[in-house]
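Below: the structure, in structure tokens.
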Amino acid sequence: MRLDVVTIFPEYLEPLNVSLVGKARARGQLDVHVHDLRDWTYDRHNTVDDTPYGGGPGMVMKTEPWGDALDQTLADGYEAGAHGPVLVVPTPSGRPFTQELAVELSERPWLIFTPARYEGIDRRVMDEYATRVPVYEVSIGDYVLAGGEAAVLVVTEAVARLLPGVLGNAESHRDDSFAPGAMANLLEGPVYTKPPEWRGRAIPEVLLSGHHGKIARWRRDEAFRRTVANRPDLIERCDPAAFDKKDREI
Ligand SMILES: Nc1cc(-c2ccc3ccn(Cc4ccc(CN5CCCCC5)cc4)c3c2)n[nH]1
């Protein structure tokens, strides 16, 4: 997969050099290119913003730098043999970024992120590129950030861990909260490791029993409890067949 990011804060994307994404890049599973939007400004102050038409708070990012940057980014990617680009535009007003959307994006060969700052990008930019490539406007949550770069880190990590071979077998995403299967739509339950006792706190006996069926049932019940407590809205999405009443020890 090829990832391009166009930003006025390229240093904000340094975390893409470490950990899971960094390793995937080193292994050649991800080809990441970060571009400074100001490279496509030609005035003395490298201006990327201006006042909003119609008045209102803050500044709006100008069309020309984005147009030149995205044209060049697309041309470079095609030149390098990439294909099927989609634009991923972080915004508070976008569609919710979910595990389902992470899966959809992980199946694309080329993502171009356009994290903005100020009050966002002049609408005509995405109107223009929507005639050429799919544009995904995504929100990573119902809160307002100062810009889109943090969202790029979030989306990139969620997508990268789904790429074949990126997560080791031991870290499978098969049992993710929102992955299909009996645990689908349930939150993660509690996890434990050695020592067997810590500050007078022991491990739930069932986890030491070696009885895999009982352990699986206990984990499902704990996930259910946690979901009821923290995300009751997810319960209605659960598959009732996954919860045979006689099994559940609630
Ligand atoms: N999930 C999530 C993603 C973001 C995100 C993503 C990208 C950018 C780029 C800029 N900001 C800041 C910002 C601040 C306020 C507004 C609203 N404002 C109201 C008046 C008319 C103009 C728009 C919009 C953007 C961003 C914020 N926040 N949260």
Side-chain angles (χ1 to χ4, degrees), residues 3-16 20-21 32-41 45-74 85-106 108 110-130 132-162 176-178 185 187 230-231 233-234:
L3 295 186
D4 282 280
V5 187
V6 181
T7 171
I8 60 169
F9 292 129
E11 65 277 21
Y12 204 108
L13 282 302
E14 285 299 308
L16 295 184
L20 177 120
V21 174
V32 179
H33 303 261
V34 179
H35 313 278
D36 186 339
L37 179 68
R38 295 190 198 275
D39 289 352
W40 288 276
T41 60
H45 299 292
N46 299 113
T47 308
V48 294
D49 64 309
D50 205 334
T51 52
Y53 277 124
M59 302 291 273
V60 173
M61 299 192 90
K62 295 174 60 61
T63 54
E64 299 97 325
W66 280 103
D68 293 348
L70 290 173
D71 284 352
Q72 185 72 58
T73 298
L74 284 163
V86 303
L87 288 193
V88 180
V89 187
T91 170
S93 57
R95 65 190 269 201
F97 179 64
T98 60
Q99 190 67 15
E100 184 183 0
L101 184 49
V103 170
E104 184 176 333
L105 292 177
S106 72
R108 304 293 312 203
W110 182 11
L111 305 181
I112 301 175
F113 290 98
T114 62
R117 286 271 153 172
Y118 305 101
E119 296 290 318
I121 304 172
D122 184 308
R123 181 73 245 164
R124 291 171 292 179
V125 174
M126 294 313 156
D127 289 348
E128 161 71 8
Y129 286 92
R132 293 153 61 175
V133 296
V135 176
Y136 287 75
E137 295 191 87
V138 299
S139 163
I140 60 165
D142 293 339
Y143 41 80
V144 182
L145 300 166
E149 285 78 8
V152 173
L153 296 178
V154 166
V155 172
T156 299
E157 184 158 314
V159 167
R161 66 187 291 278
L162 295 173
D176 276 353
S177 292
F178 303 98
N185 293 312
L187 301 180
N230 293 342
R231 287 292 303 276
D233 59 297
L234 294 177

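Order of listing sets the numbers, starting from 1, for every ligand and every atom in it. None of the values given here were measured: they were computed from a predicted structure.
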**OP:** Determine the minimum heavy-atom distance between Pro115 and Thr7, stating which atoms define it.
**Re:**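 So the two residues come closest at CG-CB, 4.0 Å.
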
**OP:** Taking all non-hydrogen atoms of both residues into account, name the closest pair between Tyr118 and Met59 and its distance.
**Re:** CB-O, 3.1 Å

Residue and atom name of the nearest protein heavy atom (relative to [atom]), distance in Å to one decimal:
atom                    : answer
atom 13 (C) of ligand 1 : Tyr118 O, 3.7 Å
atom 7 (C) of ligand 1  : Pro90 O, 3.3 Å
atom 26 (C) of ligand 1 : Gly147 CA, 3.7 Å
atom 9 (C) of ligand 1  : Ala116 O, 3.3 Å
atom 2 (C) of ligand 1  : Tyr143 O, 3.6 Å

Original post:
Can a non-hydrogen atom of Ala151 be found less than 4.0 Å from any atom of ligand 1?
Top reply: no

Original post:
With a 4.0 Å cut-off on heavy atoms, does Gly56 reach ligand 1?
Top reply: no

**OP:** Quick one: pull up OG1 in Thr73 and CG in Asp68 and give me the separation to the nearest 0.5 Å.
**Re:** 10.5 Å

On a heavy-atom basis, I'd like to know which of [options] is closest to [atom].
atom                    : options                        : answer
atom 3 (C) of ligand 1  : Gly58, Gly120, Pro92           : Pro92
atom 17 (C) of ligand 1 : Glu137, Arg117, Glu119, Glu149 : Glu119
atom 12 (C) of ligand 1 : Leu145, Val138, Val144         : Leu145

Original post:
Salt bridge check: are Asp36 and Arg38 linked by an N-O gap of less than 4.0 Å?
Top reply: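 No.
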
Original post:
Does the pair Arg108/Glu104 count as a salt bridge with the N-to-O cut at 4.0 Å?
Top reply: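 Result for this pair is no, no salt bridge flagged.
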
**OP:** Of the side chain and backbone of Thr91, name the one, both, or neither that has a heavy atom under 4.0 Å from an atom of ligand 1.
**Re:**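 It is the backbone that gets close, since no side chain atom is under 4.0 Å.
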
Original post:
Asp49: what forms a salt bridge (Lys or Arg N to Asp or Glu O under 4.0 Å) with it, not counting sequence neighbours?
Top reply: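 Testing Asp49 for salt bridge (Lys or Arg N to Asp or Glu O under 4.0 Å), a comparison that skips the adjacent residues, returns none.
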
Original post:
Any side-chain heavy atom of Leu74 sitting closer than 4.5 Å to one from Tyr129?
Top reply: yes

Original post:
Would you call Met126 and Thr114 a side-chain contact if the rule is heavy atoms closer than 4.5 Å?
Top reply: yes

Original post:
Near Gly141, which atoms of ligand 1 are under 4.0 Å from a heavy atom of that residue?
Top reply: 1 (N)

Subject >> For Ala146, atoms of ligand 1 separated by under 4.0 Å from a heavy atom >> reply: 10 (C), 11 (N), 12 (C)

Subject >> Pairwise salt bridge (charged side-chain N to carboxylate O under 4.0 Å, His left out) hits with a residue in residues 136-153, at least two apart >> reply: Arg117-Glu149, Arg123-Glu137

Original post:
Can you find an N or O of Pro57 that's nearer than 3.5 Å to an N or O of ligand 1?
Top reply: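 There is no such contact.
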
